Amino acid sequence: MSEGERLTELAKRRGFFFPAAGAYGGAAGFWTYGPQGAALKSNVEEAWRDRFVVKEGHQEISAPDVMPEPVFEASGHLDGFDDMIVECGECGATHRADHVVEDNTDIEEAESLPNEEVMAIIADHDIPCPSCGASLAGEPVENFNLMFETNIGPGTSSPGYLRPETAQGIFVEFPQLSEYARNQLPFGVAQIGKAYRNEISPRKSLVRVREFTQAELEHFVDPEEDEPPLDRVEDVVLPLYSGESQQADDGGQVDLTVGEAVTQDVVASDWVAYYLGVAKDWYERVGVDMDRFRFRQHLPGELAHYASDCWDAEAEIDGDWIEITGFAYRGSYDLDKHAEHSGEDYTVFKQYDDPVTVERPTVDPDMSYLGPEFGGVAGEVADALDALAARDPEAFDGDEVSVEVGGESYTVPVEQTNFAVEEVTESGEHVTPHVVEPSFGVGRIVYTVLAHAYATDEVDGEERTYLDLPAEQAPTTVGVFPLMDRDGMDDYAHDIAGALRAAGHSVTYDDSGAIGRRYRRQDEVGTPYCVTVDYESLEEDTVTLRERDSTAQKRVSIDGLAETLEQLTAGETTFDDL
RNA sequence: GCGCCGGUGGUCCAGUGGUAGGACAUUGGCUUCCCAAGCCAAUAGCCCGGGUUCAAUUCCCGGCCGGCGCACCA
C-alpha cells in the first residue's frame, strides 16, 4: 500500500478527512475534515498565526470569499484564469486552443486573441488534434474559467466570483490597510481563509482540491529602503534546489544557510530569503520531515505573470514532490493593477527626513498665442511642450522649439512657452510598495504532516501504527483512562479529565475495552500522552503517564499534572527528565 | 476533460443471475489491576440511474466517486 493509500484509509477511519457529501455520491475536489483533522488543521493554523502574524508583528484580516467582478478584472484572474479550450470531435480530448495554435503556427501569445479568431486560425491551418491527429478545423473554441462564478443579488447584472486566492482580499483593501498602518512601510497583512478553483481534475486526496485553505502573508515593503532582519535567520540551513541545478545534468539540492544563500546570490531577493528561513523552522515545528523537504526555485518559464523570483517549499510523499508553499516577490504588480482599474491611490507617501529642493523645468504656454496659431491641436501642443521640458530642457535653449503631435511638427517661439527652471521644495514622494508573499496551502501541509507522521513499530510482538505528531499540533493532548471501569477508578479518572480540561488541555476520556486497545487508539490519532488511573491512584494520588513514541510509562503525582503536561507539550521539559 | 483500472458493513477484502461472508473496528456482557488477549451477543453493506431478465450486487449502457497515465495546475 502506498503512503497515500494508507493515510487515506487511516484518515477516514479515524476522522481526519474524507470526501464531502458521500451520501449523495460526493463531489470531486471537496473534502470534509473530521474531528481529528479539524483539530489538527486548526492547530497548524494557530501555529502559523503565532509565527507569521504575532511573532512578526503583522496584522491579520478576514476578507470575503466572494468579490465582485472588477476585482478579478484588475487582478488578471478573469483573463489569466480563463483558458481557451478546443475539443476534438474525433477523440474527445480537450486541448488549450492557444497552445495548439502556438505549436502549429508562427503566432505567439494566441491567448490574447478573440476566440473566433483562434477558431479561424485553426481552420486556416487545418491544425490537427495533438492526441489523435484528426483535424480540429470547425471545432468551437470555448472558455473555461477556473473561477467559480456566482451572482451578487438577483439577476445577472452583478457577477461575482469565489476568490481563487486569498491575496486579492488584501491587495484590494490596501488603501484602508495602509491607513491603519499609519502609512508607514514596511507592514505585513496576513489572512487565513478559503480559496476556490474549479480545477479540471482534482487529484491526490487533499493535494489538488477545488476548495482549500490558504494562509497568506502580504508584506508591503519600500523597495528602496527596507531590508529584512536577516540576522534573525542567517544561520538557518536551507535545502535549496535552484533553477540552475534543475537544468544541470548532475544538479542536485544544495544546503546553504540563509546568509550564504544571500551572499552567493542563490536567492535573489533578501526578503524571500528571510521568509525561507522563517518558514524552514516553522515546517519543522509543525512536523514536516526535514529529510523529505526542499525549497525549489521556479524555472523562468514557470513564473507567474506577477513574479520576478519565486521559490516553492516542497515535501516528498510517495516519491512525488508536492508544493506546500509559494514564496514570491510580486513587486508592485498587484497594487499597480488595482490602482489602474479602480482609480484609487495605492501608494504611500514617504516623507523625506529633510525636504529637498530640486530644479524643475516648467512651461506655461501662452494659449492666446497657441490657440489662434494651431487651432484644435493647441492643447496637445501644450502638453507636448510640457513633456519636452521635463525630458529635455535644453531644447528650450534657442529662440524656437519644435514638438511633434500626430506626426506633424509644430514650432513655437520659446518666448511664448514661458519656459523657466523653478526651484521646487519636495517634502517626500509617493511610493508603490513592493510585495513579498509567502503563500501556504494549509490542507497540503496538514496532509504532509500526517503522511510524515505516520509510523509503525512493534510492541510486544504486535505491529503498532502511530502518528508521531509534534505535541503542539496533536488533535488531543492527553488521553485519560481508568484501568478498570469500576471501584471508583472511573470517577477518579473523570475528575482528572475535568481538571485537565479546565487547565486548557485537549482531553479524551476512554473507558472502553482493554487498556492496550485504548493506548493504540490514541497512538493512531497522535495523542502524545496518556494518563491511566489504577488502584494505586486511589490510595496515593498518583497516575501513570505514558509517552506515545516510546510507550514508556512513569508514575507521577496528580499534583501539578496539568503543569507537567503543559511543559511537555511546550517542549520545556522532556519525558525522560520527569 | 480523455484513456486504463476499480467501487460489497466504519475499515480491508472474498463471493454470487435467485439480495451476501470473513477479518478488523464499534456497542453491550463476562473475564482481566497497564499495551489491539479470550468467551458470548449485538449493530452494520452490494455507489446512483436506465436496460436485458421471471429475477441484477453480479451482465450491458450512462452517470457519480476514487487511483494511475495524458492534458491542465494562472
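Within every chain, numbering begins at 1; the chains are lettered A, B, ... in the order of the sequence lines, protein sequences first and strands thereafter. Since this is a predicted model, take the numbers as computed values, not measurements.
Donor-acceptor pairing under 3.5 Å, judged by distance alone, is present between the side chain of A/Y519 and the base of B/C34. Donor-acceptor pairing under 3.5 Å, judged by distance alone, is present between the side chain of A/R208 and the base of B/C72. With hydrogens and angles ignored, no donor-acceptor pair closer than 3.5 Å exists between the side chain of A/R14 and the base of B/G10. With hydrogens and angles ignored, no donor-acceptor pair closer than 3.5 Å exists between the side chain of A/E9 and the base of B/C12. For A/T544 and B/C34, a side-chain-to-base donor-acceptor distance below 3.5 Å is present, hydrogens and geometry of angles not being considered. For A/D534 against B/C33, no side-chain N or O and base N or O form a donor-acceptor pair under 3.5 Å.
If you take CD of A/E462 and P of B/A37, they are 8 Å apart, rounded to a whole angstrom. Atom CZ in A/F212 sits roughly 10 Å away from atom C1' in B/C73 (whole-Å rounding). Whole-Å rounding puts the A/D523 CG to B/C34 P distance at 18 Å. Computed from coordinates, the A/D318 CG to B/C68 C1' distance equals 12 Å when rounded to whole Å. Rounding to whole angstrom units, CZ of residue A/R518 and C1' of B/A37 are separated by 14 Å. Regarding A/N145, its CG atom lies at a distance of 16 Å from the C1' atom of B/G1, rounded to whole Å. Atom CZ of A/R203 and atom P of B/C73 are 14 Å apart (whole Å). Atom pair A/F18:CZ and B/G67:C1' shows a separation of 20 Å (rounding to whole Å applied).
Comparing atom distances between the A/R13 side chain and each of B/C68, B/C72, B/U11 picks out B/U11 as nearest. Residue A/I200 places its side chain closer to B/C72 than to any other of B/A36, B/C72, B/G10. In the set B/C73, B/G67, B/U27, the nucleotide with an atom closest to the side chain of A/R521 is B/U27. Residue A/I515 has its side chain nearest to B/C34 when only B/U11, B/C34, B/C33 are considered. Nearest nucleotide to the A/A514 side chain, out of B/C34, B/A37, B/U11: B/A37. Checked against B/G66, B/G69, B/C33, the side chain of A/M484 finds its nearest nucleotide in B/C33.
Residue-level contact check: A/Q553 touches the bases, meaning some heavy atom is under 4.0 Å from a base atom. When heavy atoms are screened at a 4.0 angstrom cut-off, A/G461 is found touching no nucleic acid atom at all. Here A/D460 lies in heavy-atom contact (under 4.0 Å) with sugar-phosphate atoms only. Using a 4.0 Å heavy-atom distance criterion, A/E524 is classed as a base contact. Within the nucleic acid shown, A/T8 has no heavy atom closer than 4.0 Å to any nucleic acid atom. Using a 4.0 Å heavy-atom distance criterion, A/R96 is classed as a sugar-phosphate-only contact.
Using the Watson-Crick or G-U wobble rule with both distances under 3.5 Å, B/C30 pairs with B/G38. Under the Watson-Crick and G-U wobble criteria, each requiring two contacts below 3.5 Å, nucleotide B/A23 is paired to B/U11. Across all strands shown, B/A55 forms no Watson-Crick or G-U wobble pair with both key distances under 3.5 Å. Base pairing analysis places B/G49 opposite B/C61; the two distances defining the Watson-Crick or G-U wobble pair are each below 3.5 Å. Using Watson-Crick or G-U wobble geometry with both donor-acceptor distances under 3.5 Å, B/C2 finds its partner in B/G69.
Between A/R555 and B/C34, a side-chain N or O to OP1/OP2 separation shorter than 4.0 Å is absent. A sub-4.0 Å separation between OP1 or OP2 of B/C68 and a side-chain N or O of A/K204 is present. OP1 or OP2 of B/C72 sits under 4.0 Å from a side-chain N or O of A/H99. For B/U26, one of the phosphate oxygens OP1 or OP2 lies less than 4.0 angstrom from a side-chain nitrogen or oxygen of A/R517.
A salt bridge does not link A/R330 with A/E216: every distance from a Lys NZ or Arg NE/NH1/NH2 to an Asp or Glu carboxylate oxygen is 4.0 Å or more. A salt bridge links A/D320 and A/K204; the closest N-O separation between the charged side-chain nitrogens and carboxylate oxygens is under 4.0 Å. Electrostatic pairing of A/R464 and A/D457 counts as a salt bridge here, judged by a charged N lying under 4.0 Å from a carboxylate O.
When the nearest nucleotides of RNA chain B are assigned to A/A552 and A/S512 by heavy-atom distance, the more 5′-ward of the two goes with A/S512. Heavy-atom distances to RNA chain B give each of A/Y535 and A/P164 a nearest nucleotide, and the one nearer the 5′ end belongs to A/Y535.
Taking atom C1' in both B/G18 and B/U57, the straight-line distance is 12 Å, to the nearest Å. Distance noted for atom C1' between B/A25 and B/A37: 16 Å (whole Å). If you take atom P in B/C47 and the same atom in B/U43, they sit 22 Å apart, rounded to whole Å. Between the P atoms of B/C40 and B/C35, the separation comes to 24 Å (whole Å). Rounded to whole Å, the P atom of B/C12 lies 31 Å from the corresponding atom of B/A71. Comparing B/G7 with B/U58, their C1' atoms are spaced 13 Å from each other, to the whole Å. Look at the C1' atom in both B/G17 and B/G67: the space between them is 30 Å, to the nearest Å. Remark: the separation of the P atoms in B/C30 and B/A23 is 24 Å, to the nearest Å.
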When you look at A/T325 and A/Y283, which way does the side chain to side chain donor-acceptor pair (under 3.5 Å) test go after all the steps?
CA-CA 10 Å; A/T325 305; A/Y283 293 122; 2.5 Å; yes
Apply side chain to side chain donor-acceptor pair (under 3.5 Å) to the pair A/T573 and A/Q567, showing each step before the final yes or no.
CA-CA 6 Å; A/T573 186; A/Q567 289 165 1; 5.2 Å; no
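Nearest heavy atoms, A/W311 versus A/S242: CH2-CA, 3.8 Å.
Defined by atom type and a distance below 3.5 Å, a donor-acceptor pair is present between the side-chain atoms of A/Y519 and A/T532.
Environment of CD in A/E9: crowded, with over 12 heavy atoms of neighbouring residues, nucleotides or ligands closer than 6.0 Å.
Note that the CD1 atom of A/I61 and the CD1 atom of A/I192 stand 12.0 Å from one another [nearest 0.5 Å].
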